[in-house]
Amino acid sequence: MEPVVTLEGAVVRAGGRRLLGPVDLRVRRGERWVLLGPNGSGKTTLLTLAGARRQPSAGVVRVLGITFGRGDIRSLHPRIGHCGHTLTEMMPPNLTVLDVVLTGKRSTLVTWFEPIDEADRERARRRLVEVGAEELWRQPFARCSQGERQRILLARALFGEPELLILDEPAAGLDFPARELLIRALESAAAGPSGPTTLMATHHLEEVPPSATHAALLRGGRLIAAGAVEEILVAERLEDCFAVPVEVGRRDGRWWAASPT
C-alpha cells in the first residue's frame with residue numbers, strides 16, 4: 001500500500017534560510033506519528049508539507065497519492081484535518097462553536113459559501129460529543145477557554161472524516177485538566193481501524209497519546225531519528241535531540257521525561 005505521506009530529500013527554504021531538510025520520511029496508513037524537537041527544529045514546517053499547505057523548495061513530496069508540482073494539492077485539503085493552537089487566532093470571532101466545527105466540511109474559515117444542511121449540523125454535534133464539548137455548541141467560539149477551543153478545533157478537524165490528521169502542538173498553553181481532556185479526545189479519535197493517520201508535533205513527552213505508534217526527532221531542520229515509538233523515545237536519542245541529559249519512562253501507555261538534577 002502506498003504511504004499516506006512520502007518525503008524524499010524534501011527541503012524548505014524561506015528568506016534565504018533553510019528551514020527544513022533534506023528530509024526522508026514515509027508515513028503509512030493507520031500510523032500515528034509524534035514529532036518532537038526543540039524550538040526551530042522544523043516540526044511545524046514538516047507539518048505544513050505533510051498537510052499540503054506549502055510546496056517544497058527541493059525534493060519530492062507526495063501526499064495521499066498526489067505528487068506536489070504534478071497535481072492540484074488544493075484537492076487534498078478536504079481530505080486532511082488540521083488542529084493547532086495557531087488556528088485559534090485565524091477563526092472569525094463571530095462564529096459559534098457549531099459554526100467552527102462546520103468549517104471543517106471543506107477545511108475553510110467560513111461557512112457562508114458552503115451548502116450546509118441539517119445532516120451536517122447533526123454530524124457536527126456528534127463530533128462535539130466525541131470531544132466532550134457538546135454543551136458548548138451554541139456558545140461563541142471567542143468566549144471559550146483555550147482548552148475548550150482546542151477540543152472544538154479537533155472536532156472541526158474530524159468533521160470531514162479526514163484520511164490524514166495534522167496536529168500542531170494542540171496542547172500548547174493548556175493547564176493539566178485541559179491537557180488530559182484533549183488527550184482523551186485524541187484517543188477517542190484514534191480508536192478503531194478507521195481512525196485517521198496522524199502526525200502530531202509537541203515539545204513534551206507527557207502530551208504523547210498512548211495510541212502513538214511512531215516518533216520522529218528533529219533538530220536544526222534535520223530528521224535525526226525516526227521509527228517505532230518504543231525505539232525512538234529513549235534517553236540516548238532524546239539527549240541527542242534536545243542536547244540535555246534526559247530520563248525517560250512510560251506507565252500505562254503514557255510517557256514522561258525529566259532532566260536529572
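Side chains included, hydrogens not; waters and symmetry mates left out as well; all remaining heavy atoms used.
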Lys/Arg-Asp/Glu bridge criterion (N-O < 4.0 Å) met for [X], [Y]:
| X | Y | result |
| --- | --- | --- |
| E130 | R127 | yes |
| R62 | E2 | yes |
| E118 | R125 | yes |
| R254 | D252 | no |

Flag the pair [X] / [Y] as yes when at least one side-chain heavy-atom distance between them is below 4.5 Å, and no otherwise.
| X | Y | result |
| --- | --- | --- |
| M200 | L47 | no |
| F68 | V63 | yes |
| V131 | I152 | no |
| C241 | L218 | no |
| L233 | L238 | yes |
| L153 | C83 | yes |
| L154 | L186 | yes |
| L165 | T197 | no |

Checklist entry - For atom CZ of R53, is the number of surrounding heavy atoms from other residues, nucleotides or ligands below 6.0 Å larger than 12? => result yes
Next on the checklist: Does E122 have more than 12 heavy atoms from other residues, nucleotides or ligands lying within 6.0 Å of its CD?
Outcome noted: yes
Checklist entry - Quick one: does NZ or CZ of R123 land under 6.0 Å from the six-membered ring centre of F159, within 45 degrees of the ring axis? => result yes
Would a distance-only check, ignoring hydrogens and angles, find a side-chain to backbone donor-acceptor pair under 3.5 Å from [X] to [Y]?
| X | Y | result |
| --- | --- | --- |
| R26 | T6 | no |
| R151 | G132 | yes |
| E148 | S145 | yes |
| R18 | G21 | yes |
| R149 | A142 | yes |
| S259 | P245 | yes |
| T198 | P196 | yes |
| Q150 | G147 | no |

Atom of [X], atom of [Y] and distance for their closest heavy-atom approach:
| X | Y | result |
| --- | --- | --- |
| Q146 | G173 | OE1-O, 3.7 Å |
| P260 | V246 | CD-N, 4.1 Å |
| W33 | E31 | NE1-OE1, 2.9 Å |
| I183 | P210 | CG2-CD, 4.2 Å |
| H77 | A52 | NE2-O, 2.9 Å |

Item to check | Test applied, side chain to side chain contact (heavy atoms under 4.5 Å, CB included); reference residue, L128; option that passes from V100, V101, L136 | outcome: V101
Next on the checklist: Given L7, which partner from the list V27, L46, D24, L223 fulfils the side chain to side chain contact (heavy atoms under 4.5 Å, CB included) test?
Outcome noted: L46
ILVMFWY cluster, [X] and [Y] together (side-chain gap under 4.5 Å):
| X | Y | value |
| --- | --- | --- |
| V244 | I224 | yes |
| V60 | L64 | no |
| L95 | L98 | yes |
| L25 | L217 | no |

Judged by modelled atom types alone, do [X] and [Y] share a side-chain donor-acceptor pair under 3.5 Å?
| X | Y | answer |
| --- | --- | --- |
| R138 | T96 | no |
| T202 | E169 | no |
| D168 | H82 | no |
| S75 | D72 | no |

Checklist entry - Passes salt bridge (Lys or Arg N to Asp or Glu O under 4.0 Å), R179 versus E206? Steps please. => result CA-CA 9 Å; R179 184 192 76 186; E206 290 79 7; 5.4 Å; no
Rounded to the nearest 0.5 Å, what separates atom [atom1] in [X] from atom [atom2] in [Y]?
| X | Y | atom1 | atom2 | result |
| --- | --- | --- | --- | --- |
| D117 | R121 | CG | CZ | 7.5 Å |
| D175 | E180 | CG | CD | 10.0 Å |
| Q55 | T48 | CD | OG1 | 11.0 Å |

Item to check | Derivation of the salt bridge (Lys or Arg N to Asp or Glu O under 4.0 Å) call for R237 and E231 | outcome: CA-CA 9 Å; R237 292 187 183 275; E231 299 174 2; over 6 Å; no
